[in-house]
Number of protein chains: 2
Amino acid sequence: MAPTIRDIARVAGVSVATASKGLNGKGRMRPETRERIVQTARDLGFRPNRNARSLTSGRTYTVGLLTRNGYGRFTPALLGGVEDALSADTCSLLLCDARRDAVRERHYIDALTARRVDGLIVTGRETDPAPRVMRDLPFPVVYAYTVSADPADTSVTVDDEHGGRLAVRQLTRYGCRRIAHLTGPPSYAAVRDRVTGARAALADEGLDLPDSRVVYGPFSEEMGFTQVRRLLEREPEIDGIFCGNDQIARGAADGLAAMGRRVPEDVSLVGFDNWTLLAASTRPALASVDMNLYRLGRVVGETLLASIDGTVTPGISRLPCSIAVRASCPAPTGDDPVWTSDAPLVPDA
Amino acid sequence: MAPTIRDIARVAGVSVATASKGLNGKGRMRPETRERIVQTARDLGFRPNRNARSLTSGRTYTVGLLTRNGYGRFTPALLGGVEDALSADTCSLLLCDARRDAVRERHYIDALTARRVDGLIVTGRETDPAPRVMRDLPFPVVYAYTVSADPADTSVTVDDEHGGRLAVRQLTRYGCRRIAHLTGPPSYAAVRDRVTGARAALADEGLDLPDSRVVYGPFSEEMGFTQVRRLLEREPEIDGIFCGNDQIARGAADGLAAMGRRVPEDVSLVGFDNWTLLAASTRPALASVDMNLYRLGRVVGETLLASIDGTVTPGISRLPCSIAVRASCPAPTGDDPVWTSDAPLVPDA
DNA sequence: ATGAAAGCGCTAACAG
DNA sequence: CTGTTAGCGCTTTCAT
C-alpha cells in the first residue's frame with residue numbers, strides 16, 4: 001500500500017496539516033520541521049495522490065486529446081508539440097480516438113468530463129470546418145488542424161494558402177514561368193486553399209494558372225505518375241509543377257524520369273507535407289512545403305492553457321508554412337539555407 | 001459549477017447514500033425511487049466525478065503509455081489496438097514520450113504514479129532488450145514491441161524470426177532458389193532475428209543463405225537502390241531478394257528497374273513492415289511481411305488488464321507475423337488470397 | 001427501503 | 001510555529 005500523507009505525518013511526528021504545508025512549501029514553520037517532513041516523505045517513497053488533490057483544487061492538470069478520425073501521419077508531430085507546450089504546466093494528455101463515429105465521440109466526451117479534464121483538444125485529418133464537438137462543455141476546447149464550423153470556437157490550423165504561395169514562389173524563383181498543379185480532391189478545403197495561394201503568388205509575377213493546368217485526383221503516387229504524363233503531352237511547355245502532396249510529387253518525379261525529362265532542369269517540382277521519408281528518398285530529392293505541425297501543436301497547447309486560465313481567443317488562426325528546399329527545385333544561387341522559417345523542427349516519424 | 005451527487009440527492013428528495021446506490025444500480029429500493037434519481041441526474045446533466053470515485057475504489061481506470069523514443073510509424077497501429085483492448089474495461093490512456101531521456105522518463109513515471117494509474121505500457125522503436133523502466137512500481141507494467149531485459153517482466157513483441165521465415169517461404173513458393181537479403185544494421189535484434197528466420201526457411205528447402213548474399217546497411221531506399229546493383233553485379237544468378245524493410249525494398253525495386261531487370265520475373269522481391277503507403281505504390285507493388293501491430297496492441301492491452309487483475313505472465317511472448325502478397329512476388333497460382341493469417345487489419349496511417 | 005455517519009487522501013481556514 | 005476542524009465528491013457499512 002502506498003504511503004499517505006497521514007503516514008508521513010505520523011512518522012515525522014507532526015499533524016497532517018503541517019505535513020501538507022511542509023511538503024508544499026506553504027505556510028511558515030521551523031526549517032528543521034520542514035526538512036524532517038520532506039526527508040520522511042523521501043524515505044517512505046511518498047507520492048502525493050493527485051486525484052485526491054484535484055478534489056480540492058478543482059484542477060486536474062489533465063487535458064484530453066480527441067482525434068476524430070484516427071492517428072495519421074500528422075499525429076506524431078502535432079502530439080509532440082502539444083506535449084511540450086503542456087509540460088510547461090505539467091499537464092498530462094488523455095488520448096481518445098473517435099474513429100469517425102459520433103456515438104464513440106460522445107462516449108469519450110462523457111468519459112473526459114467524468115475525469116474533469118481541464119481542457120480538450122480536438123483534431124482531425126482535414127482542415128475543413130467540422131461540426132463542433134458539443135455545446136456547453138464544462139471546459140475549454142481548442143480545435144487543432146481541423147477547425148470548428150462555429151466561429152465562436154477556438155481553432156488553430158495551417159495556412160494552406162500561404163503554403164501554396166511558398167511553393168509557387170520557390171518555382172518562380174528558380175526560373176519557372178509555365179507552372180502546373182497536380183493535387184488532391186477539390187472537396188478538401190486544403191486543396192482549394194493551396195490553389196488560391198498558388199494563383200496569388202503567380203499573379204504577383206504577372207503569371208497565371210489556367211484551369212487546364214490544374215489537375216485534381218486522389219492523393220497518391222499513382223495519380224502523380226499517370227497525370228504528369230498526360231499533362232505534359234497536352235502542354236509540353238510546362239516547366240514547373242507544384243504538387244499537392246509528396247506522394248503525388250514522388251509519382252510525378254518517377255513519371256518524368258520515365259518520360260526522359262530531367263528534374264529540375266526541364267521540369268522543376270515542389271511537393272507538400274515535407275514528409276522526409278518520402279521527400280528525401282525521391283530521386284532527385286523533393287523540395288517540399290512544411291506545415292510545421294510540431295509548432296502547430298505547441299501553439300495549440302499554449303492556446304489551450306491560456307483558455308484554461310480564462311483568456312479565450314475565439315476564431316480561426318492560421319499558422320504560416322515554411323519550405324524545405326531540395327534538389328527538385330533548388331535555390332537559384334545554390335547556397336541558400338535549406339530552411340526558410342525559424343520554426344522548430346522535429347525529425348519525421 | 002457541475003452538479004454533484006448532493007445536488008441530485010436534494011432535488012430528488014433522497015439522501016446522498018440513496019442517490020449513490022440509485023445511480024449505480026446497487027442496493028435495493030423502490031423502482032420509482034431509482035427512476036426518480038436517475039431522471040434527476042439526467043435532467044441536471046450529472047457526470048459523476050471519477051477522480052472522487054477512485055479515491056474510495058482504489059482504481060483509476062487509467063493506464064499510462066510511455067514511449068521511450070518518440071512516436072514512430074508503428075505507434076498509430078499499436079495505439080489503436082491498445083485502445084480497443086482497454087476500452088473493454090473503459091480504461092483511458094495517459095500518454096508520455098520520454099524522448100530517449102532517462103530524466104524525463106523518471107519524471108513521467110513519477111507523474112503516472114501520482115495519478116495512481118492502474119498499469120503502464122512501455123513501448124519503443126526497437127525489439128532489443130532494454131533496461132527495465134524501474135523496479136518496485138506500485139502497478140503492473142507490460143513492455144510492448146520493445147522488451148525488458150529482465151525476464152521477470154512481461155513483454156509482448158513481434159516474432160521477427162517467423163517474419164523472416166514467411167518472407168523466404170513466399171519467395172521459394174514462387175520458385176526462387178538463389179535468394180539474397182538486403183537489410184538494416186545488424187545491431188538491431190530484429191535484423192538478426194529476421195536473418196535467422198530466413199536461413200531456417202531456406203534450410204527447410206535444402207537451400208542456404210551464404211554471408212555473401214546478406215548485405216547490411218541503413219534502413220533506407222538509398223541503401224536498397226545502390227546495394228541491389230552491387231549485389232547483382234557480384235552474383236547475377238540471384239532470383240529473389242528478401243528486404244529488411246519496405247524502404248529498402250522500394251529502393252531495390254527502383255534499382256532493378258534501372259538495371260533493366262524485371263520484377264518479379266527475373267528477380268522477386270519481398271519487403272517487411274507492409275507499410276501500405278509505400279508498398280502499394282511501388283511498381284510493381286511490394287509483397288511484404290506484416291507485423292500485425294494492431295493485434296500486438298490488443299494483446300498488450302489484454303495482458304495489462306490481466307495483470308491488473310492479478311494474473312501476471314512473466315517473460316517474452318512473440319506474436320507471429322503475416323504476409324501481404326502483392327505483385328513483386330505473387331502467389332504461384334495467381335488466385336491465392338492476398339492475406340495469409342486472420343489477424344485483424346487496420347488501414348495505414 | 002432509506003438515511004446517518006465514517007472515510008478515501010489531501011488542502012485550507014482558523015485557532016491556539 | 002503547529003494542530004484542529006471542515007470539506008472536496010463519492011462509496012460503503014450499519015442503523016433505522
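Lettering of chains follows the sequences in order, A, B, ..., and the numbering in each one begins at 1. The figures that follow rest on heavy atoms only: side chains count, while hydrogens, waters and symmetry mates do not.
Remark on DNA chain D: of its neighbouring residues A:P31 and A:V16, the 5'-side contact belongs to A:P31, judged by nearest-heavy-atom nucleotide. Residue A:A2 is the one, among A:K26 and A:A2, whose nearest nucleotide of DNA chain C lies closer to the 5' end (criterion: closest heavy atom).
Whole-Å rounding puts the A:N49 CG to C:dC8 C1' distance at 9 Å. Following rounding to the nearest Å, A:I5 (CD1) and C:dG7 (P) show an atom-to-atom distance of 18 Å. In this structure, B:K21 atom NZ and C:dA1 atom P are separated by 11 Å, rounded to whole Å. Taking atom CD1 on A:I8 and atom C1' on C:dT11, their separation rounds to 16 Å, with Å as the unit. Here C:dG3 presents its C1' atom at 15 Å from CZ of B:R6, a figure rounded to the nearest Å. The distance from atom CE of A:M29 to atom P of C:dT11 is 12 Å, rounded to the nearest whole Å. Rounding to whole angstrom units, CZ of residue A:R50 and P of C:dC10 are separated by 12 Å. Whole-Å rounding puts the A:R53 CZ to C:dC10 P distance at 9 Å.
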(request) Apply side-chain contact (heavy atoms from CB on, under 4.5 Å) to the pair A:V141 and A:M134, showing each step before the final yes or no. (result) CA-CA 10 Å; A:V141 180; A:M134 210 178 155; over 6 Å; no
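At least one side-chain nitrogen or oxygen of B:T18 sits closer than 4.0 Å to the OP1 or OP2 atom of C:dG3. A close approach under 4.0 Å does not occur between any side-chain nitrogen or oxygen of B:R30 and OP1 or OP2 of C:dA1.
Residue A:T146 holds its OG1 atom at 8.0 Å from CG of A:N69, rounded to the nearest 0.5 Å. With rounding to the nearest 0.5 Å, the separation of CD1 in B:I5 from CG in B:N24 is 7.0 Å.
Where DNA chain D meets chain B (any atom under 4.0 Å from a heavy atom), the bounding nucleotides read 5' to 3' are D:dC8 to D:dT12.
Residue contacts for B:N24: at a heavy-atom cut-off of 4.0 Å it reaches the sugar-phosphate backbone alone, with no base atom in range. The residue B:T4 sits close only to the backbone: its heavy atoms come under 4.0 Å of sugar-phosphate atoms, none of a base. At a threshold of 4.0 angstrom between heavy atoms, the contacts of A:S57 with the nucleic acid are absent.
For B:A17, taking side-chain heavy atoms from C-beta onward, the closest of the listed nucleotides C:dC14, C:dA4, C:dG9 is C:dA4.
Taking each heavy atom of A:P140 and A:L304 in turn, the nearest pair found is O-CD1, 3.7 Å. Here the shortest heavy-atom pairing between A:G25 and A:R34 reads C-NH2, 3.7 Å.
Within a 6.0 Å radius of CZ in A:R106, no more than 12 heavy atoms belonging to other residues, nucleotides or ligands are found.
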